[in-house]
Amino acid sequence: MTTTARSVTDQLSEGLRTALAAAGLPPLAECVWEVPREEAHGDYATNAALVLARAARRSPRQVAESIVGHFPALSAVGRLDVAGPGFINVTLAPDWCRAALPEILAAGAGYGAGEDGRGRRIRLEFVSANPTGPLVIVNARAAAVGDSLARLLRSQGYGVTAEYYVNDAGNQFLALARSFEARVRQALGEDAALPENGYPGEYLIDLARDYLKDHPQVTRESLEVIPAVDALRDKSWLDELGGWAVARIVEGQKKVLHDYGVDFDVWSSEQRDVRDRALPEQVLRELAARGLAYEQDGALWFRASQFGDEKDRVLRKSDGELTYFAVDVAYHHYRKFADAGRVVNLLGPDHHGYVTRMRAAMQALGHPADAFDVLIIQLVTLLREGQPVRMSKRRGEFVLMEELIEEVGRDAARFTFLTRRHDSPLEFDLVVATRQSAENPVYYVQYAHARIASLFKQAAAQGIAVPDRGSVDLAPLALPEELSLVKRLLQFPNLVAGAARALEPHRVAYWLQELAGQFHPYYKVNRVLGADRALTVARLALCAAVGQVVRNGLALLGVSAPESM
RNA sequence: GCGCCCGUAGCUCAGUCGGAUAGAGCGUCGGACUUCGAAUCCGAAGGUCGCAGGUUCGAUCCCUGCCGGGCGUACCA
């Protein structure tokens, strides 16, 4: 891994600690280095003096002067200034910055990787839509965020299990099975009505036709022996029907996600992986053994209120059925935490009331509070020309994820979702996104990459060989824009590490726009392939590094980096 | 009623752990292609950071109240 590039702030922090000790100032719990908004304020700034002023009983500026006076000489540091109320501004040494360029090129696809997660495992569940129909827009958002998170975390050394959990049991499954049965009967010419709370989507009609094609033995006559009343009929009939429908629907979901660039490590099943293994019963006993479950009104309750929830929660209903909560607790405890020390779930906003009780249960079972995280993926409001598109699974009206991919494209869709915080609701205008596709931010970033790729083709065509990166003389990179581009590239590892730590992939998307926004004007004004061979080679090295970082950043978002567009 | 999230430019959204003169894209207006890709670039206009207090060297950020929007508040999943 690179030595200079990765550790700019590490080096500065070390220098700061040394300076504090030498100046007889109290140590800092944490050294904070931020990139100032104003370029005139240097490349990195710390508020250390402002923080320490009170304890030191001196003015912030005096403290800052003292720190600067004792700051060790570092090759990375060009200048130290005390500014404003007592900030210490660091300007990096140009030679040191330029020297980082070959290191970025040498690191290649690994530039931006980190070690934060080394030896740690994370179980990351996302999308997990009910297997009652095709995926829709909000699932595309969750898929973009979840998949990017997985990539980010892996880049920092975490072992990530990306999981899709299929709720193929319980009430929704029954509703689907009954709806499907009605569609099958209709396909056979029966006058069967959809059940109440059924799923009216047209996809079940098509699916019913397919089912009959695969099962010629199922006829109107063969169904006559099956009673219409649930209680009287063999449960296995509905299980068989529902199971078949779920398998087909899940298959379809898997395909759409794959086309979107999202592939899961694990497709788990509520029925197969939890219920069939009797894990819920086991966790009920476990909770009872810990004195955290009790019977009341014929139901079994979990003492959630002992762990910060506002009330106790039902695990087993008085009719003997398990709640969804009980099944989920069992699954998290016995399966997810067996695989990883940390569990992160991406859920819809309708589940935010669920988070507290789930965390309560995890704590009750001995998992640390911070080992369990839920990210709420907010809703997507879909518009066409500013008009809301009604989406209702109930009524069978919605815009499908595959329609979104078809209409705006996979890269544009993913990038758009990743330029918003995941917990902020977003409006997505299909028409506008399509019409403005050429001005979409994703193309701005991709274009930078394509331009650089094209530049190297051009260079090759002119017979300009790019010399070995170790031997490139970078001194010709003397323009302020060039130095400032290199400095931005140096921010990348810190940025990626921060985005991974905060579970916020949108930071990467924004940063890439800023990088492209710095590259395009530079490239427009300054010619790379020119008469001055030394300058040409140095600039080629710079462009190669920019291209590499754009590629690495887009890879973290799951967005392609095209050679041409 | 109680709890959580959200109110930032005309629109869609960033703003890191409380930092310096609050940003970007789109849209609007005005410019730039004989040269490595104009999916680009240069410039302009655009703000009571919902409102009112508080905390402190400093608040878009933290605290309290209010206004406005969304969601939750099941022996549903």
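To find a chain, count down the sequence lines: A is the first, B the second, and so on, and within it residues start at 1.
Following rounding to the nearest Å, A/E563 (CD) and B/A39 (P) show an atom-to-atom distance of 18 Å. Atom P of nucleotide B/C4 and atom CG of A/D350 are separated by 19 Å, given to the nearest angstrom. For the pair A/D309 CG and B/C2 P, the interatomic distance rounds to 18 Å; values are reported in whole Å. Separating the CZ atom of A/F87 from the P atom of B/G19 is a distance of 8 Å, rounded to the nearest angstrom. Atom CZ of A/R420 is separated from atom P of B/A14 by 7 Å (rounded to the nearest Å). As rounded to whole Å, 13 Å separates atom C1' of B/U40 from atom CD1 of A/I452. Following rounding to the nearest Å, A/H520 (NE2) and B/A32 (P) show an atom-to-atom distance of 21 Å. Look at CG on A/L418: it is 14 Å from P on B/C13, rounded to the nearest Å.
Distance check: A/R488 CZ to A/L485 CG gives 8.5 Å after rounding to the nearest 0.5 Å. To the nearest 0.5 Å, atoms CZ (A/R533) and CG (A/L535) are separated by 11.5 Å. Residue A/F325 holds its CZ atom at 6.5 Å from CE of A/M358, rounded to the nearest 0.5 Å. Atom CG of A/L346 sits about 6.0 Å away from atom CG of A/L149, to the nearest 0.5 Å. Considering CG of A/N130 and OH of A/Y165, their distance stands at 10.5 Å, rounded to 0.5 Å.
Atom name P, nucleotides B/A52 and B/A59: the rounded distance is 15 Å, in whole Å. Distance check on atom C1': B/C17 versus B/C76 gives 40 Å, rounded to whole Å. Taking the C1' atom of each, B/G53 and B/G10 are spaced 31 Å apart, rounded to whole Å. Nucleotides B/G3 and B/G65 place their P atoms 9 Å apart, quoted to the nearest Å. Using P as the reference atom, B/G46 and B/A9 are 15 Å apart when rounded to the nearest Å. Atom C1' of B/C4 sits at a distance of 40 Å from the matching atom of B/A45, rounded to the whole Å. Distance check on atom C1': B/U16 versus B/A22 gives 15 Å, rounded to whole Å. Between B/G15 and B/C57, the two C1' atoms lie 22 Å apart (nearest whole Å).
Contacts of A/R313 with the nucleic acid, taken as non-hydrogen atoms under 4.0 Å apart, are absent. Among the heavy atoms of the strands, none lies under 4.0 Å from A/A459. Here A/A53 lies out of heavy-atom contact (under 4.0 Å) with every strand. No engagement by A/K457 is indicated, since no non-hydrogen atom pair under 4.0 Å with the nucleic acid exists. Within 4.0 Å (heavy atoms only), A/D297 reaches at least one base atom of the nucleic acid. Residue contacts for A/D312: at a heavy-atom cut-off of 4.0 Å it reaches no nucleic acid atom on any strand shown. Using a 4.0 Å heavy-atom cutoff across all strands shown, A/S564 reaches at least one base atom of the nucleic acid. As judged by a 4.0 angstrom heavy-atom cut-off over every strand, A/R316 is placed among residues making no nucleic acid contact. Using a 4.0 Å heavy-atom criterion, one finds that A/F456 contacts no nucleic acid atom at all. As judged by a 4.0 angstrom heavy-atom cut-off over every strand, A/A83 is placed among the base-contacting residues. Within 4.0 Å (heavy atoms only), A/P60 reaches no atom of the nucleic acid at all. Residue contacts shown for A/L300 are absent, as no nucleic acid heavy atom lies under 4.0 Å away. A/F428 comes within 4.0 angstrom of no nucleic acid atom, judged by non-hydrogen atoms across all strands. Within 4.0 Å (heavy atoms only), A/E310 reaches sugar-phosphate atoms of the nucleic acid but no base atom.
Within the 4.0 Å cut-off from OP1 or OP2 of B/C17, not a single side-chain nitrogen or oxygen of A/R501 is found. For A/R357, no side-chain nitrogen or oxygen approaches OP1 or OP2 of B/U73 to under 4.0 Å. OP1 and OP2 of B/G19 both lie 4.0 Å or more from every side-chain N or O belonging to A/R37. OP1 or OP2 of B/C41 lies within a sub-4.0 Å distance of a side-chain N or O belonging to A/Y444. OP1 or OP2 of B/C76 sits under 4.0 Å from a side-chain N or O of A/K317. One finds a side-chain N or O of A/N171 lying less than 4.0 angstrom from the OP1 or OP2 phosphate oxygen of B/A77.
For A/T323 and B/C75, a side-chain-to-base donor-acceptor distance below 3.5 Å is absent, hydrogens and geometry of angles not being considered. Side-chain atoms of A/N47 come within donor-acceptor range of the base of B/G19, with a qualifying N/O pair under 3.5 Å. At a cut-off of 3.5 angstrom, the base of B/G70 holds no donor-acceptor pair with the side chain of A/H352. For A/N89 against B/A20, a side-chain-to-base donor-acceptor contact under 3.5 Å is present.
There is a side-chain donor-acceptor pair under 3.5 Å between A/Q446 and A/D411. Using modelled atom types and a 3.5 Å distance limit, the side chains of A/N345 and A/H332 yield a donor-acceptor pair. Using modelled atom types, one finds a donor on one side chain and an acceptor on the other under 3.5 Å when comparing A/S484 with A/Q518. Looking only at atom types and distance, the side chain of A/D312 has a donor-acceptor partner in the side chain of A/Y294 under 3.5 Å away. In this model, no donor atom of one side chain and acceptor atom of the other lie less than 3.5 Å apart for A/R313 and A/Y354.
Using a 4.0 Å cut-off between a side-chain N of Lys or Arg and a carboxylate O of Asp or Glu, A/E295 and A/R316 qualify as a salt bridge. Under 4.0 Å is where a charged nitrogen must lie from a carboxylate oxygen, and between A/E563 and A/K457 no such pair does.
Under the stacking definition used here (centres under 5.5 Å, planes under 30°), the residue A/Y510 fails to qualify as stacked on the base of B/A24. The aromatic ring of A/H351 sits over the base of B/A77, with ring centres less than 5.5 Å apart and planes tilted by under 30°. Taking the 5.5 Å centre cut-off and the 30° plane limit, the aromatic side chain of A/Y523 is classed as stacked on B/C36.
In the set B/A20, B/G37, B/U12, the nucleotide with an atom closest to the side chain of A/A45 is B/A20. Distance from the side chain of A/L529 is smallest for B/C36 among the nucleotides B/C36, B/A74, B/A77. The side chain of A/P441 has B/G25 as its nearest neighbour among B/G15, B/G25, B/C75. Candidate nucleotides B/C13, B/U40, B/C57 were compared by shortest atom distance to the side chain of A/R451, and B/U40 ranks first.
The 5' end of RNA chain B is approached more closely, in terms of each residue's nearest nucleotide, by A/E34 than by the other of A/E34 and A/A450. Closest-nucleotide positions on RNA chain B for A/P425 and A/H41 were compared, and the one nearer the 5' end corresponds to A/P425.
Stems are defined here as 3 or more consecutive Watson-Crick or G-U wobble pairs with pairing distances under 3.5 Å; those involving RNA chain B are B:1-5 with B:69-73, B:10-13 with B:23-26, B:28-32 with B:40-44, B:50-54 with B:62-66.
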